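Before any comments, here is the structure.
In what follows, every chain begins at residue 1, and chains take the letters A, B, ... in the order their sequences are listed. Predicted model only: the values in this text are computed from it and were never measured.
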Amino acid sequence: MLYLLRENIRSAIRATVERRFGLMLPEVAVEFPPHAALGDLATPAAFEVSKRLKAATGEKRSPRDIALALAADLHPELTKNVDRIEVAGAGYVNCFLRRAETLLAALDAPAVVSMPRFGGKVIVEHTSVNPNKAAHIGHLRNAILGDTLVRILRAVGETVEVHNYIDDTGVQVADVVVGFAYMEGKSLADVEAITGKFDDVCWDLYARVGAWYAADESRLQLRAETLHAIERHEGALAALAEHVAERIVTCHLATMQRLGIQYDVLPCESAVLRLNFWSDAFERLKAAGAITYETEGRQAGCWVMRADPETTAADDEHDADKILVRSNGTVNYTGKDIAYHLWKLGLLDRDFHYRAFYRYPDGHTAWMGGAVASGTESPPTSFGQGVAYLNVIDVGQSYAQAFVKRGVLAVAPPARRSSVAVSAHVAYEKVALTPSSCLELGFTLSDEDRRRPFISMSGRKGLGVKANDLLDRLEKRALAQVQAHQPALSKAEQQSIAHKVAVAAVRYFLLKFARTTLIAFDFTEAMAEQGETGVYLLYSLVRIAGIRRKLREAGLECSAPAAVLRDYLPQVAEWLRDDGQNPNEFWALAVLALRYDVVLAEAAETLEPSVIAKYAFQLAQAFSAFYNRHNIRHESDEVRRAFLLALVSLVESRLLAALNVLGIDAPERM
RNA sequence: GCGCUCAUAGCUCAGUUGGAUAGAGCAACUGCCUUCUAAGCAGUAGGUCGUAGGUUCGAGUCCUACUGGGCGCACCA
């Protein structure tokens with residue numbers, strides 16, 4: 001609601017400044033003042049005009065004079081929504097909205113308007129966990145961040161395709177294969193016969209393989225041989241690798257499904273090579289002059305991409321350049337990634353072979369993009385060919401991601417360069433463990449480690465909190481609460497509620513931190529059900545559901561409060577008026593709810609989901625205060641009851657929208 | 001060595017592209033359940049925004065230097 005209004009004010013100010021002062025303002029800041037006495041929207045543009053006027057003409061005019069002129073000119077253009085405009089402080093222009101009219105209009109308006117900016121399909125890649133062990137909470141942060149980003153983009157009207165890249169040919173898979181084949185002497189049939197949680201079995205095995213290598217480094221030769229067999233796609237080891245990768249991917253998809261996360265395409269790295277994506281990309285990189293063949297020095301025999309000399313410098317220990325093709329002629333990960341990204345933007349005349357890999361309960365299918373044609377079904381739409389890509393990958397990959405982008409940019413035809421320019425690496429910090437969490441997991445720590453603020457997770461050491469384990473613990477804990485609060489419900493209903501509570505808790509916990517904040521995972525904090533948590537958000541909506549239920553039971557139902565209030569506009573205006581020095585609490589709540597689309601737009605623009613999480617909590621908090629002060633069921637005045645209910649409806653609508661974008665589903669009771 | 005990033009209340013973190021009186025949760029303390037769910041609400045206390053300069057009407061936010069963390073710079077993926 002406020003998004004469009006803010007844009008209107010922005011353009012009105014820009015036009016007024018141009019007309020009266022002959023200045024073009026590139027950006028006009030319109031913000032939300034710290035308190036209600038200063039209006040609903042405000043702009044410090046007069047300060048900017050004063051500065052620019054002085055620079056352009058030498059004329060000195062006080063910001064306050066300019067603000068007065070702006071306010072006078074602005075008002076006629078905005079009378080529809082704005083009640084009055086005041087100049088405050090040294091030169092702020094403050095707009096006050098017509099409260100009653102705005103509230104009623106908002107009740108009939110959708111929570112958000114469509115405002116796509118990419119102009120076509122955006123490809124979001126996230127999760128991309130090595131398919132060799134159970135997913136841990138670090139992978140969960142990636143997936144939840146990515147999934148929420150997808151939901152944000154879809155909410156603002158973007159078309160999004162979700163990719164989960166499967167690195168089925170890397171050392172990580174090879175290590176588990178070595179474990180099965182050489183440590184345990186298992187055949188493919190033996191591994192296929194393993195029952196139970198396969199990802200947990202591999203988690204333990206992977207850690208043991210690490211120790212096994214450390215005990216005798218000559219065993220690393222087995223890894224190299226296995227890797228080679230996988231890359232050539234030959235023999236029993238390759239077949240075992242394929243089985244491990246596919247089965248683990250299935251585990252990962254099931255884990256993520258618990259959190260409401262789905263994928264459209266699972267492109268496999270093996271196919272990037274076998275379907276000649278790379279050889280095409282290689283030729284194009286050479287033709288574009290983006291890579292050069294080294295004939296001397298320690299990179300002799302390699303194809304390398306030069307670093308940007310302005311931002312990176314080489315020294316004795318490090319080459320700033322990035323090798324894409326090793327001296328033995330094989331391509332590394334970054335090279336393959338460039339090929340994959342060319343495909344994402346439709347810049348390769350090649351495609352994967354698709355087969356339906358995973359069915360979701362709602363009928364959606366995740367398609368595996370592999371090297372060989374198999375199966376009878378084909379996808380309903382074409383994949384790839386996006387106008388932009390967004391990669392949710394941890395910040396440690398920034399260096400490599402920068403080379404991927406430069407590689408794609410070098411090959412892209414001029415008309416498509418803007419596609420590459422708007423594409424981005426959505427970087428986030430990792431999840432580490434607090435020392436106390438490590439101890440709780442049963443790991444022994446040195447005294448030095450004990451004093452550290454956090455300890456990195458390590459799949460190779462088997463040190464980490466598995467995603468499924470955390471969810472299990474949360475569900476168990478929530479179930480105990482639900483059983484205490486809702487003893488009358490069936491076991492199945494209680495479990496369904498406990499599941500929703502657990503999902504809300506994890507998703508909110510991993511989303512409330514800004515992307516660049518390292519999370520030191522602590523069980524106590526992550527399992528908290530009080531304060532700034534996903535549980536609190538659910539509780540607010542449960543209370544709203546409770547209000548509606550009780551009103552229905554009392555025969556006081558009111559499905560369309562706006563229709564009732566339309567006949568009592570002066571009364572509504574009175575209820576929304578500030579009382580002397582005190583700002584009006586109803587209006588404060590309403591105007592916060594109306595900011596939803598502004599917050600969503602900000603999240604979509606900055607690719608920062610945490611702002612929505614923070615906003616949802618703020619709105620829920622404001623509602624809780626309202627809830628404690630006003631009892632709707634016991635309100636005898638019918639019109640006032642409709643008024644209070646209108647506020648509840650507004651909050652409910654925006655809170656539901658926010659939670660939907662956060663991937664959190666609220667139960668009726670809890 | 002170079003690059004990126006962070007430093008805000010006892011702890012964990014927000015802080016609207018430079019704006020008006022720096023906020024929240026946890027922990028501590030004080031109240032509130034015959035009431036639409038107390039998984040809650042109201043209140044108290046807690047700050048030289050790492051240090052020193054600079055830019056300007058205005059700096060937690062931008063620039064420089066310094067101090068102290070974290071990450072990256074592999075013929076790994």
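Annotation: A:E59, atom CD; neighbour count of heavy atoms from other residues, nucleotides and ligands within 6.0 Å is above 12.
Side-chain proximity of A:Y536 to the nucleotides B:rG40, B:rA20, B:rU12 is greatest for B:rG40. Picking from B:rC41, B:rG72, B:rU17 the nucleotide with the shortest atom distance to the side chain of A:Y399 gives B:rG72. Listed candidates were B:rA39, B:rC41, B:rG70. Nearest to the side chain of A:F454 is B:rG70. In the set B:rA39, B:rG25, B:rU17, the nucleotide with an atom closest to the side chain of A:E31 is B:rU17. Here the nucleotide nearest the side chain of A:V535, chosen from B:rA20, B:rA39, B:rG19, is B:rA39. Each of B:rG70, B:rU37, B:rG25 was ranked by its minimum atom distance to the side chain of A:R452; first place goes to B:rG70. Which of B:rC75, B:rU16, B:rU37 sits closest to the side chain of A:R595 comes down to B:rU16. Taking only side-chain atoms of A:V171, from C-beta outward, the nucleotide of B:rG25, B:rA20, B:rC76 with the closest atom is B:rC76. Residue A:S624 places its side chain closer to B:rG40 than to any other of B:rA20, B:rG40, B:rU35.
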Is there a side chain to side chain contact (heavy atoms under 4.5 Å, CB included) between A:T127 and A:H139 once you walk through the steps? CA-CA 6 Å; A:T127 308; A:H139 305 125; 5.7 Å; no
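The nearest heavy atom of RNA chain B to A:I632 and to A:E429 marks one nucleotide each, and the one closer to the 5' end goes with A:I632. Nearest-nucleotide positions on RNA chain B place A:R6 closer to the 5' end than the other of A:H35 and A:R6.
With 3.5 Å as the limit, one finds a donor-acceptor pair spanning the side chains of A:N391 and A:H341.
Salt-bridge check for A:E605 with A:R117: failed, with every basic side-chain N at 4.0 Å or more from each acidic carboxylate O. Contact check on A:K614 versus A:E532 returns a salt bridge, with a Lys/Arg side-chain nitrogen under 4.0 Å from an Asp/Glu carboxylate oxygen. Under a 4.0 Å N-O distance rule, the pair A:R629/A:E585 qualifies as a salt bridge. Contact check on A:R141 versus A:E429 returns no salt bridge, with no Lys/Arg side-chain nitrogen under 4.0 Å from an Asp/Glu carboxylate oxygen.
In this structure, A:Y596 has its ring center at least 6.0 angstrom away from the ring center of A:Y3. Outside the 6.0 Å centre-distance limit, the rings of A:Y340 and A:F277 are not counted as a close aromatic pair.
For B:rA38, its base never sits under 3.5 Å from the side chain of A:N628 at any donor and acceptor pair. For B:rU37, its base sits under 3.5 Å from the side chain of A:Q486 at one donor and acceptor pair at least. Side-chain N/O atoms of A:S327 and base N/O atoms of B:rC75 include a donor-acceptor pair closer than 3.5 Å.
One can place CG of A:L324 at 11 Å from C1' of B:rC75, the figure rounded to the nearest angstrom. Distance A:K51 NZ to B:rG58 C1': 9 Å, rounded to the nearest Å. Atom CD1 in A:I519 sits about 16 Å away from atom C1' in B:rC71, given to the nearest Å. In this entry the distance linking CG of A:L537 with P of B:rA39 reads 16 Å, nearest Å. A:Q621 places its CD atom 10 Å from the C1' atom of B:rG23, with the value rounded to the nearest Å. Summarising the geometry, the separation between CD on A:Q530 and P on B:rU37 is reported as 19 Å, rounded to the nearest angstrom. The distance from atom CG of A:L38 to atom P of B:rU21 is 10 Å, rounded to the nearest whole Å. Taking atom NZ of A:K614 as the reference point, atom C1' of B:rA24 lies 7 Å away to the nearest angstrom.
In this structure, A:Y92 forms an aromatic stack with the base of B:rA20, since both conditions hold: centre separation below 5.5 Å and plane angle below 30°.
The separation of B:rA27 from B:rA39, taken at their P atoms, amounts to 15 Å, rounded to a whole angstrom. Remark: the separation of the P atoms in B:rU8 and B:rC13 is 9 Å, to the nearest Å. The same atom, C1', is picked in B:rU16 and in B:rA22; the two are 14 Å apart, to the nearest Å. Taking atom C1' on both nucleotides, B:rU21 is separated from B:rG15 by 15 Å, rounded to a whole Å. Comparing the P positions of B:rA14 and B:rU5 gives a spacing of 16 Å, expressed to the nearest Å. When the C1' atom is compared between B:rA45 and B:rC29, the two are found 8 Å apart, to the nearest whole Å. The same atom, P, is picked in B:rA20 and in B:rG60; the two are 10 Å apart, to the nearest Å. Taking the C1' atom of each, B:rC49 and B:rC62 are spaced 16 Å apart, rounded to whole Å.
Taking CD of A:E27 as the start and CZ of A:R14 as the end, the distance is 7.0 Å to the nearest 0.5 Å.
Between A:T517 and B:rA14 there is a side-chain N or O to OP1 or OP2 distance below 4.0 Å. Checking the phosphate oxygens (OP1, OP2) of B:rA38, a side-chain nitrogen or oxygen of A:R543 falls inside 4.0 Å. For A:Y539, a side-chain nitrogen or oxygen approaches OP1 or OP2 of B:rA39 to under 4.0 Å. Dashed line: the shortest gap from a side-chain N or O of A:Y627 to OP1 or OP2 of B:rA42 is not under 4.0 Å.
A cation-pi arrangement is present between A:R473 and A:F523 under the rule of less than 6.0 angstrom and at most 45 degrees off the ring axis.
In textbook terms, a nucleotide whose glycosidic angle is within 90° of 0 is syn, while B:rC73, being further out, is anti.
Residue A:P63 is out of contact with every strand shown, counting any heavy-atom pair closer than 4.0 Å. When heavy atoms are screened at a 4.0 angstrom cut-off, A:E605 is found touching no nucleic acid atom at all. Within 4.0 Å (heavy atoms only), A:R10 reaches at least one base atom of the nucleic acid. Across all strands shown, A:A504 has no heavy atoms under 4.0 Å from either base or sugar-phosphate atoms. Among the protein residues, A:A625 comes within range of the sugar-phosphate backbone only, with heavy atoms under 4.0 Å from sugar or phosphate atoms but none that close to a base. Counting non-hydrogen atoms under 4.0 angstrom, A:A42 reaches a base of the nucleic acid. A:D168 comes within contact range of no nucleotide atom at all, as no heavy-atom separation falls under 4.0 Å. Base contact: A:R669 has a heavy atom under 4.0 Å from a base atom.
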Taking Watson-Crick and G-U wobble contacts under 3.5 angstrom, with | marking pairs to another strand and [ ] crossing pairs, the secondary structure of RNA chain B is written (((((.(..((((.....[...)))).(((((.......))))).....(((((..]....)))))).)))))....
